[in-house]
Engineer: 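First the structure, then my questions, so here it is.
All residue numbers in this chain count up from 1 along the given sequence.
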Amino acid sequence: MDEVDRILAAWATELPELDTSPLASLSRMSRLDRHLDRARRQAFAGQQLEQWEFDVLAALRRQGPPYELSPGELIHQTLSTSGTMTNRVNRLVERGLVERRPNPDDGRGVVVRLTEAGRAGVQAALTELLAFERDVLSAISADERAQLATLLRRLLAPFERS
């Protein structure tokens, strides 16, 4: 029995007419997310990165050489706004983790490029995070991990389409 089971039992006693079965899965996902968020913060802190910094740097790193994206592409990939992205890029430039360069496809625009320091930092943080996440997932088999990923993809799809 875990904490969610105790919560469900309490609701069943207090409000037996309500179907609280969605809580069995979604409360566990929410609680797991909180634990994973703490682990992410810890992994990123080892590289002096905040979550949002990791998100921007990771988006650039995934592009492959020369590790650059337009601000609009970064907004899309990190689910942020234009004003937020401008502030984030400014802060990352100040830290030497990214640089702005003229966009070769648009003379008026810029691209944001990952620096060597940014690449090393995001790679080290990702390596630490993946070690933790592998440990978390070791509680279930490889087949169960694949099944879980498929089910979560289906649950996430309606949110990603909007």
Engineer: Considering non-hydrogen atoms only, spot the tightest contact between Gly96 and Ala117 and give its length.
Structural biologist: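 In terms of heavy atoms, the two residues are closest at O-CB, 3.9 Å.
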
Engineer: May I ask you to decide if Thr84's main-chain N or O and Asn87's side chain share a donor-acceptor pair within less than 3.5 Å?
Structural biologist: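 A pair under 3.5 Å: no.
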
Engineer: Run the salt bridge (Lys or Arg N to Asp or Glu O under 4.0 Å) test against Arg6 and tell me which residues pass, sequence neighbours left out.
Structural biologist: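 Arg6 satisfies salt bridge (Lys or Arg N to Asp or Glu O under 4.0 Å) with Glu3 once adjacent residues are dropped.
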
Engineer: Determine, using the 4.5 Å side-chain heavy-atom cutoff (strictly less than), whether Phe132 and Val122 are members of one ILVMFWY cluster.
Structural biologist: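 In one cluster: no.
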
Engineer: With rounding to the nearest 0.5 Å, note down the distance linking CZ in Phe44 to CG in Leu126.
Structural biologist: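 The CG atom of Leu126 is 8.0 Å from CZ of Phe44, to the nearest 0.5 Å.
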
Engineer: Is it the case that Ser21 and Asp19 place a side-chain donor and acceptor less than 3.5 Å from each other?
Structural biologist: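 Ser21 vs Asp19: donor-acceptor pair found between side chains.
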
Engineer: Run the side chain to side chain contact (heavy atoms under 4.5 Å, CB included) test on His76 and Glu73 for me, step by step, so that the C-alpha distance in whole Å, both residues' side-chain angles and the decisive distance to 0.1 Å come before the verdict.
Structural biologist: CA-CA 5 Å; His76 176 74; Glu73 291 166 322; 5.7 Å; no

Engineer: For the atom pair CZ (Arg119) and CZ (Arg113), what is the distance rounded to the nearest 0.5 Å?
Structural biologist: 13.5 Å

Engineer: How close do Pro71 and Met85 get, heavy atom to heavy atom, and via which atoms?
Structural biologist: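 The pair with the smallest heavy-atom distance is O-CG, 4.1 Å.
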
Engineer: What distance separates Thr20 OG1 from Glu14 CD, expressed to the nearest 0.5 Å?
Structural biologist: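 Spacing of OG1 (Thr20) from CD (Glu14) equals 12.0 Å.
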
Engineer: For residues Arg100 and Val89, report the shortest heavy-atom separation together with the two atoms involved.
Structural biologist: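 Shortest heavy-atom separation between Arg100 and Val89 comes out as NH2-CG1, 3.4 Å.
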
Engineer: Quick one: CD on Gln123 to CG on Leu114, what's the gap to the nearest 0.5 Å?
Structural biologist: 10.0 Å

Engineer: One pair to check against side-chain hydrogen bond (donor to acceptor under 3.5 Å, both in side chains): Ser27 and Arg31. What are the steps and the verdict?
Structural biologist: CA-CA 6 Å; Ser27 289; Arg31 294 173 72 82; over 6 Å; no

Engineer: Evaluate whether atom CD of Gln63 has more than 12 neighbouring non-hydrogen atoms of other residues, nucleotides or ligands under 6.0 angstrom away.
Structural biologist: yes

Engineer: Test Glu53 against every option in Arg95, Gln48, Gln47 by the side-chain hydrogen bond (donor to acceptor under 3.5 Å, both in side chains) rule and name the one that passes.
Structural biologist: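 Exactly one pass, corresponding to Arg95.
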
Engineer: Can you see whether Ser30 engages Arg34 through a side-chain donor-acceptor pair at a distance of less than 3.5 angstrom?
Structural biologist: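 A pair is found: one side chain offers a donor N or O, the other an acceptor, under 3.5 Å apart.
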
Engineer: Apply side chain to side chain contact (heavy atoms under 4.5 Å, CB included) to Met29 and Leu152, showing your working.
Structural biologist: CA-CA 10 Å; Met29 288 183 355; Leu152 290 172; 3.6 Å; yes

Engineer: With a 3.5 Å distance limit and no angle check, can you tell me whether Arg145 reaches the backbone of Ile140 through a side-chain donor-acceptor pair?
Structural biologist: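 Yes; judged by distance alone, with no hydrogens or angles, the pair exists.
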
Engineer: If hydrophobic clusters are built from ILVMFWY residues whose side chains come within less than 4.5 Å, do Val93 and Leu97 share one?
Structural biologist: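 Val93 clusters together with Leu97.
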
Engineer: When you compare the side chain of Val110 with that of Asn103, does any pair of heavy atoms fall below 4.5 Å?
Structural biologist: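 Side-chain contact under 4.5 Å: no.
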
Engineer: Checking side chain to side chain contact (heavy atoms under 4.5 Å, CB included) for the pair Leu74/Leu60: CA distance, chi angles, key distance, verdict?
Structural biologist: CA-CA 8 Å; Leu74 281 171; Leu60 293 166; 4.1 Å; yes

Engineer: I'd like to know if the side chain of Arg62 pairs up with that of Gln77 as donor and acceptor (distance under 3.5 Å, no hydrogens or angles considered).
Structural biologist: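 Judged by distance alone, the side chains do pair up.
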
Engineer: For a quick test of reading the model, state the closest non-hydrogen atom pair linking Thr78 to Ala59 and the distance between them.
Structural biologist: CG2-CB, 4.5 Å

Engineer: With the threshold set at 4.0 Å, does a side-chain nitrogen-carboxylate oxygen contact exist between Arg91 and Glu94?
Structural biologist: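 Result for this pair is no, no salt bridge flagged.
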
Engineer: Can you list everything that forms a ring pair (Phe, Tyr, Trp, His ring centres under 6.0 Å) with Tyr67? Sequence neighbours excluded, please.
Structural biologist: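 Residues passing ring pair (Phe, Tyr, Trp, His ring centres under 6.0 Å) with Tyr67: none at all.
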
Engineer: Hydrogens and angles aside, do Gln147 and Asp143 bring a side-chain donor and acceptor to less than 3.5 Å of each other?
Structural biologist: no

Engineer: Could you check if a side-chain atom of Leu92 sits within less than 4.5 angstrom of a side-chain atom of Thr115, using non-hydrogen atoms only?
Structural biologist: no

Engineer: Leu18, Leu8: one ILVMFWY side-chain cluster at the under-4.5 Å cut-off?
Structural biologist: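 The answer is yes; both residues are in one hydrophobic cluster.
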
Engineer: Taking the side chain as everything from C-beta on, heavy atoms only, tell me whether Leu15 gets closer than 4.5 Å to Glu17.
Structural biologist: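 Contact flag for Leu15/Glu17 side chains = yes.
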
Engineer: Measure the CG-CZ distance between Asp5 and Arg28 for me, rounded to the nearest 0.5 Å.
Structural biologist: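 If I round to the nearest 0.5 Å, the distance is 4.5 Å.
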
Engineer: Kindly give the heavy-atom pair with the smallest separation between Ala125 and Leu49, and that separation in Å.
Structural biologist: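 Smallest heavy-atom distance, with atoms named: CB-CD1, 4.2 Å.
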
Engineer: Please report the closest heavy-atom contact between Leu23 and Val4, naming both atoms and the distance.
Structural biologist: O-CG1, 3.7 Å

Engineer: Please round to the nearest 0.5 Å and tell me the distance separating atom CG of Asp37 and atom CG of Leu32.
Structural biologist: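 One finds 11.0 Å between CG of Asp37 and CG of Leu32.
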
